[in-house]
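Below is one structure, written out as structure tokens, with a few remarks after it.
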Amino acid sequence: MSRVEEAIQRAHEAGRGAFIGYLPVGYPDLQTSIDAAIALARNGVDIIELGPPYSDPVMDGAIIQEATQAALAGGFRMRDLFTAVAAITAAVDAPVVVMTYWNPVLQYGVDRYADDLLAAGGAGLITPDITPEAAPEWIAASERTGLDRIFLAAPTSTDERLDLVASRSTGFVYTVSTMGITGERAELDKAARTLVSRLRQHGATRACVGIGISTADQIAGVLEYADGAIVGTALVRALRDGGVERLAAVTRELATGTPRAR
């Protein structure tokens, strides 16, 4: 069982679902982003998801795009990701997974990226824009290093696609709650519940739902049928508006949504 799987299992043994929190690296600056990630773990987050800034963030909503573009303007470099992961994992036990577009990994070198992430204490990668059949080099690197490879499933995914995603993913399957970019929504798409059910039918043992989750009630609703809930925009907004102190308070508030887990 990987560190990500163990974190989900510990949450379930405690009678709740896993709370996964996303923040961009380097926003508003590198040290603050490290402090913010540590604050997530100390206030109820089970798994930390870090997003390296990217110049073409096609999946990200406005608030996350603003943050990542600010980080790039502030001088973020890829080496800062591994510096951040090392500092975070030295301070807290929550596993750190990196949500990254594929081109930066390819440019850095897949094996080099895997080795540097492992050396920094990272637990795996979420890769939103590459499919399992297009990722043999990453699959080989993840098997060699033991890093989790977390692929995405969407409501529009065919049965054949779900078979492939379920069989190739480790850690969990990132289950997209609704079609579109990240951000907060008043109501989560009911397709998420159906998609998690379909994934389980296709052999997925752990499915965590992301995109559009922003309140404790939404987290609780998702955890009635999923293994974990992923929150990003609400946390980035809290960091933007009130710094690490506000982020910690919002994280504690959102963590109250986890006890209604199945």
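Note that the numbering runs from 1 along the sequence shown for the chain.
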Exercise for review: Could you check if a side-chain atom of V231 sits within less than 4.5 angstrom of a side-chain atom of Y22, using non-hydrogen atoms only?
Suggested key: no

**Study point:** Beyond-backbone contact of R246 with R240, side-chain heavy atoms, under 4.5 angstrom
**Key:** no

**Study point:** Pair D93 + R3: basic N to acidic O under 4.0 Å
**Key:** no

Check your understanding: Can you get from I130 to L164 by hopping between Ile, Leu, Val, Met, Phe, Trp and Tyr side chains that sit under 4.5 Å apart?
Key -> no

Exercise for review: Decide yes or no for F19 and T251: does some side-chain heavy atom of the first lie under 4.5 Å from some side-chain heavy atom of the second?
Suggested key: yes

Exercise for review: Please answer whether the main-chain N or O of A166 pairs with a side-chain N or O of S169 as donor and acceptor at a distance below 3.5 Å.
Suggested key: no

Exercise for review: Could you tell me the separation between the CG atom of L40 and the CD atom of E49, rounded to the nearest 0.5 Å?
Suggested key: 10.5 Å

**Study point:** Ring centres under 6.0 angstrom apart (F172, F151)
**Key:** no

Check your understanding: Closest approach of V196 and T175, non-hydrogen atoms and distance?
Key -> CG2-CG2, 3.8 Å

Review point. R193 versus S197: any side-chain heavy-atom pair under 4.5 Å?
Key: no

Check your understanding: Okay, side chain of T83, backbone of R79: is any donor-acceptor separation there less than 3.5 Å?
Key -> yes

Review point. If you take all heavy atoms of L239 and Y27, which pair is closest and at what distance?
Key: CD2-O, 3.6 Å

Practice item. Return yes if some donor-acceptor pair links the side-chain N/O of D80 with the main-chain N/O of R77 below 3.5 Å, else return no. Key: yes

Review point. Roughly how far, to the nearest 0.5 Å, is the CG atom of D129 from the OH atom of Y101?
Key: 7.0 Å

Check your understanding: What is the distance from atom CG of L162 to atom CZ of R200, rounded to the nearest 0.5 Å?
Key -> 13.0 Å

Check your understanding: So, does T68 use its side chain to make a donor-acceptor pair with the main chain of P53 at under 3.5 Å?
Key -> no

Practice item. Specify the closest pair of heavy atoms between D46 and A94, including all atoms of both residues, with the distance to one decimal. Key: O-CB, 3.5 Å

Check your understanding: Which atom names give the shortest non-hydrogen contact between I34 and A87, and what distance separates them?
Key -> CG2-CB, 3.8 Å

Practice item. Find the distance between CD1 (I20) and OH (Y174) and round it off to the nearest 0.5 Å. Key: 8.5 Å

Practice item. Measure from NZ or CZ of R112 to the centre of the six-membered ring of Y108, then state whether that distance is under 6.0 Å and the direction lies within 45° of the axis. Key: yes

Practice item. Begin with the C-alpha distance, continue with both residues' side-chain angles, and end with the deciding distance and a verdict on side-chain contact (heavy atoms from CB on, under 4.5 Å) for V98 and I126. Key: CA-CA 6 Å; V98 175; I126 301 170; over 6 Å; no

Review point. Y225 and V209: side-chain contact (heavy atoms from CB on, under 4.5 Å), yes or no, with the steps?
Key: CA-CA 10 Å; Y225 58 88; V209 175; 4.2 Å; yes

Review point. side-chain contact (heavy atoms from CB on, under 4.5 Å) between R206 and V173: does it pass, once the steps are laid out?
Key: CA-CA 6 Å; R206 295 172 183 83; V173 175; over 6 Å; no

Point to revise | Salt-bridge contact R161-E133 (side-chain N to carboxylate O under 4.0 Å) | key: yes

Check your understanding: Side chains of T145 and D115: does their closest heavy-atom pair fall under 4.5 Å?
Key -> yes

Review point. Is any side-chain heavy atom of I47 closer than 4.5 Å to a side-chain heavy atom of I8?
Key: yes

**Study point:** Where L199 and A207 come nearest, the two heavy atoms and their spacing
**Key:** CD1-CB, 4.3 Å

Check your understanding: Does any donor atom in the side chain of E6 or S2 lie under 3.5 Å from an acceptor atom in the other side chain?
Key -> no

Practice item. May I ask you to decide whether R144 forms a salt bridge with D111, counting only side-chain N to carboxylate O separations under 4.0 Å? Key: yes

Point to revise | Closest non-hydrogen atom pair between L117 and G124, with its separation | key: CD2-O, 3.7 Å

Point to revise | Neighbour count above 12 (heavy atom, 6.0 Å) for Q9 CD | key: yes

**Study point:** Close side-chain approach of L147 and L125, heavy atoms under 4.5 Å
**Key:** no

Practice item. For L81 and D116, run side-chain contact (heavy atoms from CB on, under 4.5 Å): C-alpha distance rounded to whole Å, both residues' side-chain angles, the deciding distance at 0.1 Å, then the answer. Key: CA-CA 10 Å; L81 167 65; D116 286 358; over 6 Å; no

Review point. Under a 4.5 Å cut-off applied to non-hydrogen side-chain atoms, are L50 and V97 in contact?
Key: no

Practice item. Using modelled atom types only, decide if a donor and an acceptor are shared between the side chain of T32 and the backbone of D29 within a distance under 3.5 Å. Key: no

**Study point:** Ring centre gap for F76 and Y54 strictly below 6.0 Å
**Key:** no

Review point. Between S157 (side chain) and A153 (backbone), is there a donor-acceptor pair under 3.5 Å?
Key: no

**Study point:** Carboxylate-amine/guanidinium contact D163 R168, below 4.0 Å
**Key:** no

Practice item. Any chance you could measure I48, atom CD1, to L235, atom CG, to the nearest 0.5 Å? Key: 11.0 Å

Practice item. Keeping the roles fixed (side chain from D227, backbone from C208), state whether a donor-acceptor pair exists under 3.5 Å. Key: no

Practice item. Examine distances only and state if a side-chain atom of T89 and a backbone atom of A120 form a donor-acceptor pair shorter than 3.5 Å. Key: yes

**Study point:** Interatomic distance, I213 atom CD1 to Q218 atom CD [nearest 0.5 angstrom]
**Key:** 7.0 Å

